[in-house]
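Following: one structure in structure tokens, then a few remarks.
Naming: A, B, ... by sequence-line order, numbering from 1 per chain. Values below: all heavy atoms of this structure, side chains included; hydrogens, waters and symmetry mates excluded.
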2 protein chains.
Amino acid sequence: MAKIHEVAQAAGVSISTVSYALSGKRSISPDTRRRIEEAARELDYRPNAGARMLAGRRTQIFALTEPFRADTHAPAHMAFVLATSIAARRYEYDILLLTEEEASAGMRRVASSGLADGVLVLDVAPDDERVDLARRIALPTVFIGVPDDHEGLVCVDLDFEAAAALAVDRLADLGHRSIGFVGHPPTAYEKSNFPPRVRRGLEARAAERGLDCTTVLPESDGPRRAPVREAVRDLVEAGATALVLHCDDTSHAVALDELATLGRRVPEEVSVVSVGATFDTSAFHPPIDSVPLVPSASCELAVELAMRMVDGGEVPAAVHLIAPEYRAHGSTAPPGGASD
Amino acid sequence: MAKIHEVAQAAGVSISTVSYALSGKRSISPDTRRRIEEAARELDYRPNAGARMLAGRRTQIFALTEPFRADTHAPAHMAFVLATSIAARRYEYDILLLTEEEASAGMRRVASSGLADGVLVLDVAPDDERVDLARRIALPTVFIGVPDDHEGLVCVDLDFEAAAALAVDRLADLGHRSIGFVGHPPTAYEKSNFPPRVRRGLEARAAERGLDCTTVLPESDGPRRAPVREAVRDLVEAGATALVLHCDDTSHAVALDELATLGRRVPEEVSVVSVGATFDTSAFHPPIDSVPLVPSASCELAVELAMRMVDGGEVPAAVHLIAPEYRAHGSTAPPGGASD
DNA sequence: GCGAGTTGTCGAAGCGCTTCGATGACGGGC
DNA sequence: GCCCGTCATCGAAGCGCTTCGACAACTCGC
């Protein structure tokens, strides 16, 4: 743990010169800068974190609150944590984990001890307790997800309504007139904030385009996922020529498996699109079209907004919706037609 | 963000008195202490993190490195992260996340900037690159998991060999003579460090007890998990009266489902035990006996050891194995006998 | 009733860094 | 050739806390 003093000595300059050379906050002659950088490298110098926090007024840390609820979908969650961490590192920021009940107490603690420069809120519930807290603490806070009451908050999220609409448009454009929607289990529509948005967006656009749309929210159960299989069978037999899926990965696989069992080819006989649920639908058999969740997009924007707030910039309290993107993998085609 | 100065003023004492009263490092008269605590509460005072790091020589932060490998099992991983965080909070420590490639670069960075007091290493691979690094940095480091080369390291882990042996003993004691082992897919035996230990422990103890033991490592595939079903069928038809499972949750459920399909009752006709894989086997149908992974046990011990090292205590470089525990849920019985 | 502890409190010295204001050296315009 | 502006660098003042040593004010034991 070399100190700035040693670097200064090695480079034959004062410590303030070292500080300025390394931070770039004042101009330093090229020659001096080179000597300093060399000395710093040689000594593997990094500013002491505590001293830096105290003297500068940056901690270079964002707190990430994530209440690991019982219904938390681990893989998706991990993807978001990871994406946030990576996005933060781009700005030389580290992520401090605030879990569980600690989510609220931790936010308070971190705010009043000045441990973090900002807070990123993950796994947002419709009636999230962290909403009130965010309004009270004087720390830049960004929600990744949209709580019901989001007045005065900065939120970032995929535009789930538009995502669903995009899928509907694709199918409508191809000529489908009757589609089926396989959603999450019913409870998900109370505990999380986005499933209802997908459903709403889907049904609204389907109505607009004059499509017949049947929604099924199969219960989750054992390894057989009988309810999902049943849902797929019912929808297809009732005449749906396309399926929109908004459920977990296993249910996706099961739905495809059931279509295969029924002898319905994808996309020749049934088109399939996944909306706002999975990350990589190209690994399914067959690969399926999707309007995917893109954790990096949300997390990068969230971090960028947080950075702007830390830097004293103006960030309007608003819901920042990320435009969805359609990724074709060959699982849609005109009804009764050929692959597209 | 009240400062110690304000608390001192409010309580009518000097700042050093406040510091001592709050840290308990010197005796303070009960009356003074009360006044100080009251003032601190009133002002919602918390020592500034940066100042504390600088002046004390504690950051109150542990870095947690977790390289989110592609084959990382998200739910298990999350459970460990969570358990670590909770264990750390008991000592008033926070967790700083070091992900991905950042795992190594991050360890170096954190060590030389003095951002953390110690490092906890998660998701350890047999040939983990963090091993060398741990030996070089002058920061207390504890591995949660055991790399092949662990000389000079402090490691904590469930005693997987003993866990497997425990399951074998249970079955042997009940009178089983022929058991089947359903493991993870073959690749898991190269990338992770514990599957081989389970297998080794199981086969060794089975040999000791004179049991006939057949091992199958079914490939992982689609939602049907055909290989697992096949494995279960083959083992049972070959005469195994008990099944030891060391695979993911879905495979557990599939195995039970297959037994049901085959009309073999658990535990009357086939006993089933899960070893070192799942957290809660009581939710299966039927609930099954297990020697579970207990993230909290490993993580608590890891944190405790790290704390001891931070406090300058002597912690021998060694593998600290946690004794496994058998949890009965009624899925084992004497072969061809009644439930136990 | 006096020296020797004890106890409770205080002032001040850092911890390692950032940043402000000052200073000296230099160059260009007139 | 003088004045002023720029540029590169430096010294020193904190940032808010912990901790060391000092020191009154007591308490005892004899």
Side-chain angles (χ1 to χ4, degrees), chain A residues 1-37 39-40 43-61 92 110-117 310-312, chain B residues 1-37 39-40 43-61 92 110-117 310-312:
Chain A
M1 301 222 295
K3 309 179 184 171
I4 196 170
H5 167 76
E6 304 172 41
V7 177
Q9 206 159 338
V13 296
S14 74
I15 60 169
S16 55
T17 303
V18 174
S19 180
Y20 284 124
L22 263 25
S23 73
K25 292 191 179 166
R26 275 200 189 175
S27 64
I28 296 291
S29 71
D31 181 59
T32 308
R33 150 169 281 122
R34 205 190 33 67
R35 275 190 353 261
I36 292 175
E37 279 167 357
L43 296 164
D44 191 33
Y45 167 75
R46 255 113 168 177
N48 177 87
R52 220 230 278 246
M53 289 185 199
L54 189 57
R57 30 281 278 280
R58 292 292 180 79
T59 65
Q60 309 272 93
I61 290 178
E92 312 252 276
V110 154
S112 61
S113 70
L115 219 197
D117 293 336
V310 168
D311 286 338
Chain B
M1 302 226 294
K3 312 183 181 169
I4 196 170
H5 166 77
E6 304 171 41
V7 177
Q9 206 160 340
V13 296
S14 74
I15 60 169
S16 55
T17 304
V18 174
S19 180
Y20 283 123
L22 263 25
S23 73
K25 293 191 179 167
R26 273 198 188 176
S27 65
I28 295 292
S29 71
D31 181 58
T32 307
R33 150 170 280 123
R34 204 190 32 68
R35 276 192 350 264
I36 292 175
E37 279 167 357
L43 296 164
D44 191 33
Y45 168 74
R46 256 117 168 173
N48 176 85
R52 222 230 278 244
M53 290 185 198
L54 189 56
R57 16 292 272 286
R58 293 291 181 80
T59 64
Q60 309 272 92
I61 291 178
E92 312 250 275
V110 153
S112 61
S113 70
L115 219 196
D117 293 335
V310 168
D311 286 339

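- Within the 4.0 Å cut-off from OP1 or OP2 of C:dT18, not a single side-chain nitrogen or oxygen of A:Lys25 is found.
- Here the CZ atom belonging to A:Arg58 is positioned 10.0 Å from the CZ atom belonging to A:Arg52, to the nearest 0.5 angstrom.
- Between the P atom of C:dG11 and the CD atom of B:Gln9 lies a distance of 13 Å, rounded to the nearest Å.
- A straight line from CE of A:Met53 to P of D:dC17 spans 14 Å, rounded to a whole angstrom.
- Side chain to side chain, A:Ser16 and A:Ser19 fail the donor-acceptor criterion of an N or O pair below 3.5 Å.
- Environment of CZ in B:Arg57: sparse, with no more than 12 heavy atoms of neighbouring residues, nucleotides or ligands closer than 6.0 Å.
- A heavy-atom distance below 4.5 Å is not found between the side chains of B:Asn48 and B:Lys3.
- A salt bridge (charged side-chain N to carboxylate O under 4.0 Å, His left out) with B:Glu37 holds for exactly one of B:Arg35, B:Arg33, B:Arg34; it is B:Arg33.
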Treating primed atoms plus P, OP1 and OP2 as sugar-phosphate and everything else as base, which nucleotides of nucleotides 9-16 of chain D get B, S or - for protein heavy atoms under 4.0 Å? BBBB-BBB

